[in-house]
Amino acid sequence: MGVVAADVRRAGSIDQVAVSVKDVGMAFGDVHAVRNASFDLPQGRFLTILGPSGSGKTTLLRMIAGFDRPTSGEIFINGQPVSAVPPHKRAIGMVFQKLALFPHMTAAENVAFPLKMRRHDARTIPEKVERYLDLVRLGGYGDRRINELSGGQQQRVAIARALVFEPDLLLLDEPLAALDRKLREEMQLEFRRIQKELGVTTINVTHDQREALVVSDEIIVMNGGAIQQKARPVDAYRAPSNAFVANFIGVTNFLEGRIVELTSTQAVFESNGVRLVGIAADAALAAGLSCSGALRAEQIRIAPRGGRLDDLETVVDGQVVDCIFEGDRVVYEIRVPDLAGVLMRVFDHDPESHLQFGPGDEVRLGWNARDMHVFQK
Amino acid sequence: MRAPRAAYPLTWRVMDVLERLAAIVWPSSFQRGLPYLMLMPALVLVGLLVLGLVQIGDTSLRTLDTNTFLMSESYTLANYQRVLTESFFATVAGRSLVGSVIVTVITLLLAFPYAYLMVRTPSSALRKFLLVALFLPFFIGQVVRAYGWLIILGNQGMVNEALGLVGVPPIRLLYNYPAVLFGLVQYMLPFAVLMLAPALTAIPGELESAAASLGAGWTRTFRHIVLPLSRPGLVGAGLVVLTLSLTDFAIPAILGGGTQDFIANAIYDQFFRTSDQGMGATLSLMLVAVGSMLVGVVFMLFGAGTLAMTGDRK
């Protein structure tokens, strides 16, 4: 019986909720920075809050960190309400946008700072500092001053400092935004590696959709202070819950129209007289309402005019307006006269064929109905 | 292909002519001398100061003949001997030194929270109010302000009248050491705040948030982060307040009422009351020496780099 109880406890701890945000709002006068945000984050997960600037994602993070107090709702960390707890009494490590390393201390002193402030045993501090500097691959750099380190090395010091006191929660406030692309992508993988190695529950804030898809177990997309969707990266990408998410993640074409027929899964709509079929992705759809169909640029196939795209359900003709070579792919901008001259963006990833069209060429586009997500407009 | 004439407006032609004229007056080969030329006025001013110091040094080595009221022809160290041996001068020097140190400490203690609040407050109205409150006394000269304190603190002043209403007999608030120190602190506060504010602005607010998230409460954030990082500002403000109050004249003269002379008052007396230019010059040089030594000691203790004049260190 004792064994069973232990098993139950262990099973319970796997799905234990580390952070629970319940109806949290933040209002500055009449301006609502965050509105009725609610989500649960299980222990050990890597969550990214993704959104454009001004979407409320940083405000939400600052409330979790304790720098701002919600004007409504409550945040729970390990089941305890924390609104009344000041930041320095919360066990939260945070990596700041501008890193906020202490310039008058060495790398090792920066990492030792939280241990001293949290009154860890002074004899264990040097060993812990060394262990965490090794973890971020900065062994031997402890004596360097902050201004003697490169941008990437400073990132690593900031991560070590935020993790060394073994916090319940790690918060990342767009720390990678200022880095150049190559270093940023390297650090994204580094964040992921360290997070998996330590199993620390992490909340990351970014406006970089690629970063969100790469590092996260789960994504929350925010806009206008409200949570738009919470899903695994692959689901947020493949099955966006509304037009904003579809537009924000990936490169998406929108075809405006009016619903003519609706089943539980399929929506048929008319755009400029053309009948288009897609997945009914929005519960608020109804026949006769205006709608927009979202179609990813990479789901569209391109062929010469008169070319055979028999395996595709929808085929339209168009003319190449522009063609942008991006190395691993070509982005075509194609005007489609049948759809009121709408400009559609199409990716061609096939290196064999991807430069075969130029501006002015007559082409044919095709896609499948399952790739078109229809939302209320 | 030649560009059409209309594409080259008249104003450009005028500028071309001006530039050609400028090239005749100041050929581009002189360009490298330009920074030095711009440095000249400052160098001339400093040079004049050195000349004056040489003159004062010369005067300090001559004694006053009290019969003829002429300076002696030959050099002597008698003035220096008097300054170092007579207790009057030691008292004045001690009073000035101790006073300026006390004033510096109190001023920094008061200026720091003021500057901190001014820099960190999210309310721009409060920031403006604090700035105006700081600058207003600047528009009132030091002497006028000292007289203002006479009106407020005098035996028939506002403070004593108010005390009289509740039955307290008049207290002597003026013409003593605390009154002088009080006046000096009030005079120095804006200087200190204005020197501290940029240093505090240079500390990103994010550092304080970071310290909080790492487990430091307000006092420990202040002690470990804000205070060390504001050291350049504190040293700069401290030096300014220290030297200004050490050499101040009006406040000790007016609020001290002749009983609380600082070094500057003693120098004034020597030059304009007893007409002993030699003694006045000696005291002046001693003041320069003491001031320079104080600055030197501060630089040795805290490093000259504390004034943020380290250049581009990588």
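Letters A, B, ... mirror the listed sequences (proteins, then strands); counts begin at 1.
Identified by a heavy-atom distance below 4.5 Å to chain B, the contributing residues of residues 103-110 of chain A are A/Pro103, A/His104, A/Met105, in residue-number order. Of residues 48-83 of chain A, those residues with a non-hydrogen atom less than 4.5 Å from any non-hydrogen atom of chain B are, in numerical order, A/Phe67. Identified by a heavy-atom distance below 4.5 Å to chain A, the contributing residues of residues 213-226 of chain B are B/Ser213, B/Leu214, B/Gly215, B/Ala216, B/Gly217, B/Arg220, B/His224, B/Ile225, in residue-number order. Contacts with chain A (heavy atom to heavy atom, under 4.5 Å) involve no residue of residues 37-49 of chain B.
In terms of heavy atoms, B/Leu207 sits closest to A/Leu101 at CD2-O, 3.3 Å.
Among A/Arg90, A/Lys98, A/Lys89, A/Gln97, the residue making the largest number of heavy-atom pairs under 4.5 Å with chain B is A/Lys98.
Of the atoms belonging to A/Arg145, not a single heavy atom falls under 4.5 Å from chain B. Neither the backbone nor the side chain of A/Leu171 comes within contact range of chain B; no heavy atom of the residue lies under 4.5 Å from a heavy atom of that chain. Only the side chain of A/Phe165 comes within contact range of chain B, judged by heavy atoms closer than 4.5 Å.
Within 6.0 Å of NZ in A/Lys196 there are more than 12 heavy atoms belonging to other residues, nucleotides or ligands. No more than 12 heavy-atom neighbours from other residues, nucleotides or ligands sit within 6.0 angstrom of CD on A/Glu130. Atom CG of A/Asp143 is surrounded by 12 or fewer heavy atoms from other residues, nucleotides or ligands within 6.0 Å.
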